[in-house]
Amino acid sequence: VSSRSCQKIRGAQIRELLDSKQSVLFDCDGVIWNGEKAVAGATDVVRLLKKRGKNVFFVTNNCTRPREKYVQKFSRLGFADVAQEDIFSSAYCSALYLRDVVKVRGKVFAIGGDGVHSELRDACVSFVEGDADDSGMSIVDCPLEPDVKAVLVGYDDRLTFLKLAKACCYLQNAECHFLATDPDPWHPLRQGRVTPGSGSLTAALETATGRKATVIGKPSRFMFECIASQFGVDPARSLMVGDRLETDILFGANCGMETLLTLTGVSTLQEAQGYVDSDAPDKKDLVPDYVVDSIADLLPLLEE
Ligand code: PLP
Ligand code: CA
């Protein structure tokens, strides 16, 4: 792969790029929408790409909802015809990984919310969850499941100390698998507020156990493998569009796709350019091939 250039592109360069691709993979938050608001122009971009016969997929590290809830969200925000099959979330892919790769026998101890639990249920992976209300209970007195063969950690806004403590106990068994839905450190919310991401919860357990979790979501290749196994996409003819260098852009690079950074989300052009000049070889994969201010910049080329 030639060295990535972090080029701001427009007009004919965007047209050439789109013409060369058969599939477009979109990150969701920061690219397609910000929270409950669609990014301006995004609904038209998705509609017109599909009209041109492109495959459009959505890859999100947000594990809080099952895919059917994303279908509802797409429709609520004005995206027509986004099917559940086109949506690859870290919760869904974690469930597939446990079922098809780990082939877990026994139970999964799942830290997470409805998204994680529903996807595990749909994949017929049996699991136990920590009690949401365990106040006052000590890890010494609380019963542990005898048959836990994997711990899966995802975003959990009802995380408790006891859930972490139970996970530590299960992970003492070296044969118990340790998985994380995604490595995201934090997320922007409204009004300048932020929330810690799944990666921060996983880090607590990594410190406590001295083990490293296997990450399923971006930047790991597994999400692309899920798409490729269901749709037969060619990375050389696929474009990854994202707003976060450490997850989306690295994911694209890890999977052999060209990458497009949009500036409507977390990462800035300055950060991206900072990596161009970096001496560390492992930082080069954080440099996007192309940059646009917003996916709305694709619109004029698609409307022609
Ligand atoms: N995880 C959680 C809990 C989030 O709230 C978000 C974004 O809002 C994400 C992950 C990142 O999602 P995406 O990969 O679509 O940017
Ligand atoms: Ca994002």
Side-chain angles (χ1 to χ4, degrees), residues 24-39 42 46 56-67 69-74 76-77 79 82 86-94 110-119 152-159 179-203 213 215-224 226-227 239-252 254-255 259-268 271-272 286 288 291-295:
V24 183
L25 283 68
F26 286 109
D27 164 69
C28 293
D29 202 71
V31 170
I32 290 287
W33 58 58
N34 283 300
E36 271 300 312
K37 223 170 154 279
V39 166
V46 170
V56 177
F57 302 106
F58 300 93
V59 278
T60 178
N61 271 1
N62 193 329
C63 65
T64 60
R65 294 178 225 222
R67 286 181 307 156
K69 287 275 166 56
Y70 283 112
V71 173
Q72 292 167 13
K73 178 165 183 177
F74 275 106
R76 189 164 72 237
L77 297 192
F79 294 86
V82 173
D86 306 332
I87 303 167
F88 291 80
S89 73
S90 57
Y92 169 59
C93 294
S94 295
I111 292 181
D114 182 40
V116 167
H117 300 147
S118 296
E119 295 293 359
L152 172 64
V153 187
Y155 186 85
D156 185 352
D157 59 8
R158 304 182 75 183
L159 182 74
L179 309 177
T181 55
D182 65 89
D184 291 10
W186 57 276
H187 302 285
L189 300 176
R190 281 171 294 127
Q191 293 167 336
R193 297 289 165 100
V194 296
T195 182
S198 311
S200 61
L201 314 187
T202 305
V215 171
I216 305 302
K218 299 170 288 184
S220 143
R221 291 175 45 91
F222 186 68
M223 281 181 123
F224 186 79
C226 291
I227 300 176
L239 178 69
M240 175 66 206
V241 186
D243 71 301
R244 202 168 204 154
L245 301 171
E246 295 79 3
T247 48
D248 305 320
I249 301 305
L250 183 56
F251 171 71
N254 285 344
C255 301
T259 54
L260 174 65
L261 176 72
T262 65
L263 300 173
T264 46
V266 169
S267 297
T268 64
E271 285 171 74
L286 298 174
V291 184
V292 288
D293 289 322
S294 157
I295 55 167

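Residues take their numbers from the sequence shown, with the count starting at 1. Start at 1 and go down the list; that is how both ligands and their atoms are numbered. Remember, predicted model here, so these are calculated numbers, not experimental data.
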Output all residues satisfying side-chain hydrogen bond (donor to acceptor under 3.5 Å, both in side chains) with T195, sequence neighbours left out; order by chain, then residue number.
Y155
So which protein N/O/S atoms does the Ca ion (ligand 2) have within less than 3.0 Å?
D27 OD1, D27 OD2, D29 O, D243 OD1
Apply the ring pair (Phe, Tyr, Trp, His ring centres under 6.0 Å) test between F58 and each candidate in Y70, F74, F88; give the one that qualifies.
F74
Between the side chains of T60 and N62, does any donor sit under 3.5 Å from an acceptor?
no
Filter the ligand 1-protein atom pairs down to N or O on both sides and distance under 3.5 Å, then list them.
from	atom 1	to	atom 2	distance (Å)
ligand 1	1 (N)	H187	NE2	3.1
ligand 1	5 (O)	N62	ND2	3.4
ligand 1	8 (O)	D29	OD2	3.4
ligand 1	12 (O)	T60	OG1	3.4
ligand 1	14 (O)	D27	OD1	2.9
ligand 1	14 (O)	N61	N	2.8
ligand 1	14 (O)	K218	NZ	3.0
ligand 1	15 (O)	D27	OD1	3.3
ligand 1	15 (O)	C28	N	3.4
ligand 1	15 (O)	D29	N	2.9
ligand 1	15 (O)	T60	OG1	2.7
ligand 1	16 (O)	D27	OD1	2.9
ligand 1	16 (O)	D29	O	3.1

Can you give me every donor-acceptor pair (side chain of residues 25-33, partner residue at least two apart or in another chain, under 3.5 Å) with its distance?
from	atom 1	to	atom 2	distance (Å)
D27	OD1	K218	NZ	2.6
D29	OD1	G35	N	3.0

From CG (D293) to OG1 (T262), nearest 0.5 Å:
9.5 Å
Can you check whether [X] reaches [Y] side chain to side chain, under 4.5 Å on heavy atoms?
X	Y	answer
N61	R244	no
V82	V71	no
M240	I249	no
C63	V116	yes

